[in-house]
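Reading through the structure tokens given below for one structure.
Lettering of chains follows the sequences in order, A, B, ..., and the numbering in each one begins at 1. Just so we're clear, the structure is a prediction, and the values are computed from it rather than from any experiment.
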There are 2 protein chains.
Amino acid sequence: MGSAANNLVSTEEDPVNYGVLDHMLGYKLRRAQLTFFNSFSAACSDLGVSPGLFGVLVVVKENPGLTQTAVAKALANDRSAMVGVVDKLEKMDLIERRLSKKDRRSYALFMTPYGLKFYEKLIKRVSDQEEELYKLLKPGEKEMLLAILDKFD
Amino acid sequence: MGSAANNLVSTEEDPVNYGVLDHMLGYKLRRAQLTFFNSFSAACSDLGVSPGLFGVLVVVKENPGLTQTAVAKALANDRSAMVGVVDKLEKMDLIERRLSKKDRRSYALFMTPYGLKFYEKLIKRVSDQEEELYKLLKPGEKEMLLAILDKFD
DNA sequence: GTACATATGTTGTGCACTAAAACAATTTAT
DNA sequence: ATAAATTGTTTTAGTGCACAACATATGTAC
């Protein structure tokens, strides 16, 4: 089966009717995001970096000294979720918690020297992975998407 | 605080630099999808319907008699995840499993009469909710988004 | 027809993400 | 000084997702 050129007894199933889902942005966003998530995982799971961890890395790298709750707020995450994420990134020696001198309740987050080197390698991976997906688009469509999606947060 | 018109002592934090995230479609998709997910939940959680359940309902309604794995494949879900979903929808008396006569391994899925009535109410809720979000867009942008996002699955 | 491979629904497991509540330590407001 | 709010943390619970394994049933090869 499979090599036989018999297109009378079609092996392919009837096409599925998606009804209203075909016009629902929420559903299409979920599907597209799943594609990007899987692509990211395939490219970076061996480095132990998930999309969630990556976001924290970027924000800490671009904003040295931010507190955990500030990072959480920036990424629309819950404060409590940051604990495990920062623990993990600290164990990977990518970022570090320093005691804040202004507010002894909070930690200030910084990249480690190794974290900065790691970040460069990571960025390369992520960029290549995204470029691969952008090949599916026509010139300008990516920018259009980014601009429109920004309206939803 | 809050009513005082004192914009010299700004209470707002320094703006966060998002670095490469600002140009990453994967990240923006995640944020936008989160908005839609929360909006959907706010509109339909009292009916006990999540986005995932809704997708199954639509596919079963539009394709009566489909098997569980066919529905799973159509929605890019895992077979094993369908068990719990169909169990839940059956307990809500929205769909039913019928023994397939052609293949005694599989179930054929159908909407119940009550499920069909429920579906009408549900569609109204979901449409209203999505319309609310579409107000953030200019005419034509929704269709543009749908067309471009389709390229990613 | 028998033996082997495949498909289906199901169960169980593990992992990650999410949200909410509660708490001690600290800071801020009154 | 007292009360209220904030920070990081822990705990808990719920969800979703992916993978492996299994019994049942179907299909294929010989």
Side-chain angles (χ1 to χ4, degrees), chain A residues 1-4 6 9 11 13 30-31 33-38 40-42 44-45 48-56 65-73 75-90 95-109, chain B residues 1-4 9 11 13 26-27 30-31 33-35 37-38 40-42 44-45 48-56 65-73 75-90 95-109:
Chain A
M1 154 187 128
S3 62
N6 187 345
V9 184
T11 67
E13 315 83 6
R30 179 189 165 276
R31 294 291 295 250
Q33 203 236 338
L34 194 65
T35 297
F36 274 79
F37 183 89
N38 288 335
F40 188 103
S41 298
C44 301
S45 68
V49 177
S50 66
L53 295 190
F54 179 74
V56 174
L66 271 195
T67 65
Q68 288 186 190
T69 54
V71 175
K73 196 177 302 181
L75 295 171
N77 289 338
D78 196 89
R79 284 204 321 271
S80 61
M82 293 298 300
V83 180
V85 172
V86 174
D87 282 353
K88 205 174 293 185
L89 293 175
E90 230 179 6
I95 73 176
E96 62 176 342
R97 284 185 244 237
R98 294 188 202 159
L99 293 165
S100 172
K101 290 157 188 169
K102 302 179 180 180
D103 188 335
R104 305 219 309 274
R105 291 170 301 180
S106 62
Y107 295 115
L109 302 179
Chain B
M1 152 184 129
S3 63
V9 182
T11 66
E13 316 81 6
Y27 175 70
R30 178 189 165 276
R31 295 291 296 248
Q33 203 235 337
L34 195 65
T35 297
F37 182 90
N38 288 335
F40 188 102
S41 298
C44 301
S45 68
V49 177
S50 67
L53 295 192
F54 179 73
V56 173
L66 233 48
T67 65
Q68 288 186 191
T69 55
V71 174
K73 196 177 301 181
L75 295 172
N77 289 339
D78 196 89
R79 282 204 322 270
S80 61
M82 292 298 300
V83 180
V85 172
V86 174
D87 282 352
K88 206 174 292 186
L89 293 176
E90 231 179 3
I95 72 175
E96 61 175 343
R97 284 185 244 236
R98 296 187 201 159
L99 292 164
S100 170
K101 290 157 188 171
K102 302 179 180 181
D103 189 335
R104 304 218 310 274
R105 291 171 301 182
S106 62
Y107 295 115
L109 302 179

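- For the pair B/Arg97 CZ and C/dG9 P, the computed distance is 9 Å after rounding to whole Å.
- Every side-chain hydrogen bond (donor to acceptor under 3.5 Å, both in side chains) that B/Gln68 has, sequence neighbours left out, goes to B/Arg97.
- One can place CD1 of B/Ile95 at 12 Å from P of C/dG9, the figure rounded to the nearest angstrom.
- Here the shortest heavy-atom pairing between A/Gly65 and A/Ala108 reads O-CB, 3.5 Å.
- For the pair B/Ser50 and D/dG16, the criterion of a side-chain N or O lying under 4.0 Å from OP1 or OP2 is met.
- Note: NZ (A/Lys102) to C1' (C/dT28) measures 16 Å, nearest angstrom.
- When the side-chain hydrogen bond (donor to acceptor under 3.5 Å, both in side chains) test is applied to B/Ser50, no partner is found at least two apart in sequence or on another chain.
- A straight line from CG of A/Asn77 to P of C/dA16 spans 15 Å, rounded to a whole angstrom.
- Checking B/Ser106 against B/Asn38, the closest nucleotide of DNA chain C that is more toward the 5' end is the one next to B/Ser106.
- Between B/Leu109 and the choices B/Leu89, B/Leu66, B/Val56, B/Val86, the side-chain contact (heavy atoms from CB on, under 4.5 Å) rule is met once, by B/Val86.
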Could you run down the sub-3.5 Å N/O contacts of the protein with nucleotides 4-6 of chain D?
unit_1 : atom_1 : unit_2   : atom_2 : d
D/dT6  : O2     : A/Arg105 : NH1    : 2.2

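- In this structure, B/Leu99 places its CG atom 16 Å from P of C/dT8, rounding to the nearest Å.
- Residues satisfying the side-chain hydrogen bond (donor to acceptor under 3.5 Å, both in side chains) criterion with A/Thr69, sequence neighbours excluded, are A/Thr67.
- The CG atom of B/Leu34 lies 9.0 Å from the CD atom of A/Gln33; values are rounded to the nearest 0.5 Å.
- A/Ala72 and A/Met82 make their closest contact through CB-CG, 3.4 Å (heavy atoms, listed as atom of the first residue, atom of the second, distance).
- DNA chain C is contacted by B/Arg79, B/Ser80, B/Val83 of residues 79-89 of chain B, taking any non-hydrogen atom closer than 4.0 Å.
- The CD-C1' distance, from B/Gln33 to D/dT15, rounds to 14 Å in whole Å.
- Listed pair B/Arg104 / D/dT26 meets the phosphate criterion, a side-chain N or O lying under 4.0 Å from OP1 or OP2.
- Protein atom CZ of A/Phe37 is 14 Å distant from nucleotide atom C1' of C/dT18, rounded to whole Å.
- Taken from CZ in B/Arg30 to CZ in A/Phe36, the straight-line distance is 14.5 Å, to the nearest 0.5 Å.
- In terms of the ring pair (Phe, Tyr, Trp, His ring centres under 6.0 Å) criterion, residue partners of A/Phe54 (sequence neighbours excluded) are, by chain and number, A/Phe40.
- Remark on DNA chain D: of its neighbouring residues A/Ala70 and A/Arg30, the 5'-side contact belongs to A/Ala70, judged by nearest-heavy-atom nucleotide.
- Across the protein-nucleic acid pair, B/Asp78 atom CG and C/dT13 atom P stand 17 Å apart, rounded to whole Å.
- Proximity note for A/Gln68 (side chain, C-beta onward) versus D/dG8, D/dC17, C/dT10: the nearest is D/dG8.
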